[in-house]
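Because only heavy atoms are used, hydrogens play no part in the values below, and waters and symmetry mates are left out as well, while side chains stay in. A note on names: the letters A, B, ... follow the listed sequences, proteins ahead of strands, and every chain is numbered from 1.
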Protein chains: 2
Amino acid sequence: MTTLSDVAKKANVSKMTVSRVINHPEQVRDELKTSVFNAMRELDYRPNVAAKALVNNRTQIIKLFILEDMDTTEPYYMNLLTGISKELGKEQYALQLVTEHHFDIGGCDGYIVTGMRHSDYEWLQRLERPVVLFGENRLEFDYCDTDNTLGTKMATEYALKQGYQQVIFIGINVKEPFEYSREAGYMMTMQKHQLPTEIKRFSNHSHLAMEYIQSQWSQLKPNTCFVCASDRLAFGVEKALNLFNADIPNDFGVIGFDGVFLNQVATPKLTTVQQPIFELGVQCARMLLAKIAKDGQPQGIEQLAPTLSIAGSTRNDN
Amino acid sequence: MTTLSDVAKKANVSKMTVSRVINHPEQVRDELKTSVFNAMRELDYRPNVAAKALVNNRTQIIKLFILEDMDTTEPYYMNLLTGISKELGKEQYALQLVTEHHFDIGGCDGYIVTGMRHSDYEWLQRLERPVVLFGENRLEFDYCDTDNTLGTKMATEYALKQGYQQVIFIGINVKEPFEYSREAGYMMTMQKHQLPTEIKRFSNHSHLAMEYIQSQWSQLKPNTCFVCASDRLAFGVEKALNLFNADIPNDFGVIGFDGVFLNQVATPKLTTVQQPIFELGVQCARMLLAKIAKDGQPQGIEQLAPTLSIAGSTRNDN
DNA sequence: TTGTAGGCGTTATCAA
DNA sequence: TTGATAACGCCTACAA
């Protein structure tokens, strides 16, 4: 293990000069700087994280609170975790997973929180270290999320461009910002085209959407596209349509939202609004580290554009 | 932040005594011990991890190498990661995810490795800190894994008990210990019952198993159960049988292995050998921490029993 | 612009 | 059995 002192000796300067080259390079003459850099390279110097943490009163640990019931079958979390972890690793930060509420608070430099509900607001606000949320919120928390409105805009525009004459939105009946945003994207696009809107909402289970389609089958007009707020719902719609041997994608189109759930087994494969979950994890981590570096200053919000992943559940005439 | 010194003052002893109460309690008189414990409790003392790490030349970081292509749609990894992370957290260890080979070695106290291939053997052996593998291996690495042989034993015994007269094993054509073990469990059980064995092997893709069944359909006798080395393969078998409107589970039974993949969408739901992935993650972490504490001493192997999750793809007459 | 001294919280070592 | 001292590697504060 080469230390600051080793580098200092090699470069014929004091430890402090080396330290400054790392932390306040503007205070050091260019001449010394380069010779210090050379010494660092030659000795393959790596700062000792523990020592730095000790003197800075840091832990180099970030806690990830997953407050919702984590469905480990959702690749969602794995992608998120991978993104966060990768980015934290670069800065020598390590991740701790916390899935029990009110547990294991403290002993870290910052928090990433996903699945916050209203009831969590209070204690989250009390946390003494920087917090970044994963997921839209209308409170004052900094956050990263998919641009949900853009996602359903893209989906709806695509449906219309493919010539579907009715576009129906199948939403999730929760009062959460992400859902409002997704509905807004649909509404805005339909209104822009001066088309009538129709929104149905269900809990996020495929069988509910399936039952709905079954019950409505006789009323459904061909040339309809269903823009759904989740892949689960889209999957349910598709299954129901298949039961009636409906012609997907010619008579009916189905578009999901998520780009993860079960898309490998849906037949035909779902066209879906793909969320950049991994990148969102990266952004979350970056935002949090920036916030820590800037002593807790608000970092605002970061919304990443989803991509429309086109597959067999919609027409594709270009 | 209360420190050792604070506790020492409160208990009227030296810092060292407090330190010893924590690390070498046998060297301290009971009398002092209790008064130190009291002081610690009253002051809510928490050891400073960074300071400890510094003086012990530790990082408090464990790296998790995922060497295989990580299919983030497999809940497998999320369960594993959750288990590992939970256990490490208890001991104030943090986790770093590494998915690129040969990258990001060093700077940690130990490694958990999953998806090792033969070609990885060499560099893994060179690692300078304790290593624990996740997954059976016939080399000298310590590891945790499902008891694969027990798993297929349970599956085969169950199939026979349900009265299926033929039991065919659908394996994965890889030369990996886990596969050998799974085949062995099947073989042993069949031989014990003096029944003929039949093994087919495919790459682990559902469509291959599906095509096989389709091509063999005319030869298949009713009252056959397929014991598969993965849920993917089982899923393919089931899909093919459904194509022929075969009667599952009365004429044909299907048993998978994993308990994770897609089981939510298979119709009927698969009977499967459920691996305790979360617990295996916990065990892995424990084993590694023990190995670190004991200065790298071999820890042997740990095989956890799977459970047979019974569902609609097999008869269930009890 | 650079260097010196001291301390962050803990533990190993040695002396009492 | 207990305590004093030094050290781990780095950074802040101050001095030169």
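With a 6.0 Å radius and a threshold of 12 heavy atoms from other residues, nucleotides or ligands, Asp44(A) has its CG atom above the threshold. The environment of NZ in Lys9(A) is sparse: at most 12 heavy-atom neighbours from other residues, nucleotides or ligands sit within 6.0 Å. For Lys10(A), the NZ atom sits in a loose shell: 12 or fewer heavy atoms of surrounding residues, nucleotides or ligands are nearer than 6.0 Å. Annotation for Glu31(A): atom CD does not count as buried by contact number, only 12 or fewer foreign heavy atoms lying within 6.0 Å.
Tyr111(B) meets the ring pair (Phe, Tyr, Trp, His ring centres under 6.0 Å) test with Phe65(B); sequence neighbours excluded. Looking at residues two or more places apart in sequence or on another chain, you find a side chain to side chain donor-acceptor pair (under 3.5 Å) between Lys291(B) and Asp142(B).
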**Request:** Just do the side-chain hydrogen bond (donor to acceptor under 3.5 Å, both in side chains) check on Glu136(A) and Ser181(A) with the steps written out, would you?
**Result:** CA-CA 9 Å; Glu136(A) 250 182 83; Ser181(A) 296; 2.6 Å; yes
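A donor atom on one side chain and an acceptor atom on the other are not found under 3.5 Å apart for Tyr143(A) and Gln299(A). Side chains of Gln96(A) and Ser85(B): no donor on one and acceptor on the other come within 3.5 Å. Side chains of Glu176(B) and Tyr180(B): a donor-acceptor N/O pair is absent below 3.5 angstrom, by distance only.
For the helix from dT1(C)-dA16(D) to dA16(C)-dT1(D), the angle separating the two terminal helix axes comes to 40°, with each axis derived from five pairs and the value rounded to 10°.
Within residues 27-37 of chain B, the residues approached by DNA chain D to less than 4.0 Å at the level of any non-hydrogen atom are Gln27(B), Val28(B), Arg29(B), Leu32(B), in residue-number order.
Residues Lys33(A) and Pro25(A) are in side-chain contact: their nearest non-hydrogen atoms beyond the backbone lie under 4.5 Å apart.
The span of DNA chain D lying next to chain B, judged by atoms under 4.0 Å from heavy atoms, is bounded 5' to 3' by dT1(D) to dG9(D).
Note on Lys175(B) versus Glu179(B): no salt bridge recorded, every NZ/NE/NH1/NH2 to OD/OE distance being 4.0 Å or above.
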Between protein and nucleic acid, restricted to nucleotides 10-12 of chain C and to nitrogen or oxygen atoms under 3.5 Å apart, what atom pairs and distances do you find?
unit_1  : atom_1 : unit_2   : atom_2 : d
dT10(C) : OP1    : Tyr45(B) : OH     : 2.4
dT10(C) : OP1    : Asn48(B) : N      : 3.0
dT10(C) : OP2    : Leu4(B)  : N      : 2.5
dT10(C) : O4     : Lys15(B) : NZ     : 3.2
dT11(C) : OP1    : Asn23(B) : ND2    : 2.8
dT11(C) : OP2    : Ser19(B) : OG     : 2.7
dT11(C) : OP2    : Asn23(B) : ND2    : 3.4

